[in-house]
Protein chains: 2
Amino acid sequence: MLGAMGEANPRGLRDEKKRVTRHNLRLAALRLVDERGLEGTTTEEIAQAAGVSPRTFFNYFPTKESALVGVDAELAEAMLAAIRERPAGEPPLTVMREVYLQFAEVTAADRDLWTLRIQVARANPSLLSQVFGNSTKWDRRVAEAIAQRTGRDHHTDPYPALVASVANAARRSAVHRWAISDSEAPLSEAIAAAFDLLAAGLPEPPDSPGTATERAGA
Amino acid sequence: MLGAMGEANPRGLRDEKKRVTRHNLRLAALRLVDERGLEGTTTEEIAQAAGVSPRTFFNYFPTKESALVGVDAELAEAMLAAIRERPAGEPPLTVMREVYLQFAEVTAADRDLWTLRIQVARANPSLLSQVFGNSTKWDRRVAEAIAQRTGRDHHTDPYPALVASVANAARRSAVHRWAISDSEAPLSEAIAAAFDLLAAGLPEPPDSPGTATERAGA
DNA sequence: GTCAGAACGTGCAGTGACTGCAAAAATATT
DNA sequence: AATATTTTTGCAGTCACTGCACGTTCTGAC
């Protein structure tokens, strides 16, 4: 029944089954919503497609949407650790740039799942809001990490929160662009371009540098 | 019954009543949620506190949350118009800075409402996510306005979306800081400081300039 | 291998957000 | 005043989501 199961078995059969069930629910949710839309899919159908009872769905995900666009807690912690481990004295904006560039490849790794996610998210805009809405907590945690790095007090000093929210906005913008783009340009390129503009004070660039379109003249 | 009604009566009694009802629902929702929390307050209670039927609540707001943190459509349109009406050739970041400064005083006008909103949003983090999620649409509209101004195509050019999301993030950060601050410093000051840093490429400032704390030494 | 204990899955009943529909009430128009 | 239009309201219904109790499945010790 659990045929194509990975060889890794970290903490017994029980955890492995949970992992499989979680994955089945995610996949079933994405596929069904991709076909029938968000409103046209009930949690009951998702549960049935994944081979579990309706009640069990909510043992794995708090909301229907979280099965579709839920974030990976481990990844978030890894990013925060990366922020803290950057060389002392490095400018905060550079820190964010480098960390996001570093993790861009991780994000691009399982592009299949991401592609399906993006596809579903594009068809159901409320999901995109959901994704970005969750970023408030993220902004805050990043602000704390930056404050810690720079020896500032994020309760009284507006700078860490500003850098965090602006850097995250820049990254979101780049990821969004990359996700809806047809071109095969790597995510890291879009992120680098965004942070370059940020560091320069957002001057108006000559032309769209992130797309495949090249200027005919110059 | 409609005692303290403003003197403006743009389109008859009907519209005025709707305005009052909408405001009553907003206020009732904020107060009740402030007391009992988001989960501890039902739409039925909100409707009752505002003096309308439960069904009517949903004639005014699509969700319970939107009554708490929903954006004012008129204000949004006014801001977008202001963006378009800035002098041609003005750098986009400057445009955003000036428009947000211009509207800072409007925002600060009903500080009571905003303070209550922030308070409620802080106590119920899921609302913050909601706010952030809704700002996706706003980011997009600003991006379109900037693209229009600069003669760029916001479908292929990442620049307008970047400026929009980053500028909006900076404003949100400033408003948030201002809202939770005890000091009487004007909102416009916080916004101006944030945009100054943005235009300079987010260099690390000497010390917290937005707070009342002054350095003892230098 | 067996047995206790914990963790997990499942059914049941319930709350509450939200919707469509049609009748009643309020308001605008002539 | 009579009529047309808009708004409010009640009603019935769907569905996301929750607590609880019970059965099932795994784990660890003997």
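Chain letters run A, B, ... following the sequence lines, proteins first and then strands; every chain starts at 1.
Environment of CD in B:Q102: crowded, with over 12 heavy atoms of neighbouring residues, nucleotides or ligands closer than 6.0 Å. Counting heavy-atom neighbours within 6.0 Å of B:R140 CZ, excluding the residue itself, gives a total of 12 or less. Few gaps surround CD on B:E90; more than 12 heavy atoms of other groups in view lie less than 6.0 Å from it.
In this structure, CG of B:L38 is placed 12 Å from C1' of C:dA17, rounded to the nearest angstrom. Rounded to an integer number of Å, the gap from B:F57 CZ to C:dT19 P is 11 Å. Rounded to whole angstrom, the span from the CG atom of A:D15 across to the P atom of D:dG28 amounts to 10 Å. The separation between A:E44 atom CD and C:dG11 atom P is 10 Å, rounded to whole Å. If you measure from atom CD of B:E16 to atom C1' of D:dT6, you get 17 Å, rounded to the nearest angstrom. If you measure from atom CD of A:E39 to atom P of D:dT14, you get 16 Å, rounded to the nearest angstrom. The separation between B:Q48 atom CD and D:dT9 atom P is 12 Å, rounded to whole Å. A straight line from CG of A:N59 to P of D:dT25 spans 16 Å, rounded to a whole angstrom.
Candidate nucleotides D:dA16, C:dG9, C:dG11 were compared by shortest atom distance to the side chain of A:P54, and C:dG11 ranks first. If you check C:dG9, D:dC17, C:dA17 against the side chain of B:F58, the one that comes closest is C:dA17. Across D:dT25, C:dA17, D:dT9, the shortest atom-to-atom separation from the side chain of A:K17 is found for D:dT25. Of the candidate nucleotides D:dC17, D:dT7, C:dC18, C:dC18 has the atom lying nearest to any side-chain atom of B:T63. Candidate nucleotides D:dA16, D:dT7, C:dT19 were compared by shortest atom distance to the side chain of B:R55, and C:dT19 ranks first. Distances were taken from every side-chain heavy atom of B:V52 (C-beta onward) to each of D:dT9, D:dT25, C:dA17; the shortest belongs to D:dT9.
In this structure, the separation between NZ on B:K64 and CG on B:L38 is 4.5 Å, given to the nearest 0.5 Å.
Checking the phosphate oxygens (OP1, OP2) of D:dT7, a side-chain nitrogen or oxygen of B:K18 falls inside 4.0 Å. OP1 or OP2 of C:dA17 has at least one side-chain nitrogen or oxygen of B:T43 nearer than 4.0 Å. A:T56 has no side-chain polar atom (N or O) that falls below the 4.0 Å cut-off from OP1 or OP2 of C:dG9.
Counting non-hydrogen atoms under 4.0 angstrom, B:Y60 reaches the backbone sugars and phosphates but no base. If you check every strand for non-hydrogen atoms under 4.0 Å, A:T21 touches nothing. Using a 4.0 Å heavy-atom cutoff across all strands shown, B:S66 reaches no nucleic acid atom at all.
A donor-acceptor contact under 3.5 Å is not formed by the side chain of B:R14 with the base of D:dT7.
In summary, B:E77 and B:R141 engage in a salt bridge, as defined by a charged side-chain N under 4.0 Å from a carboxylate O.
A cation-pi arrangement is absent between B:R171 and B:F195 under the rule of less than 6.0 angstrom and at most 45 degrees off the ring axis.
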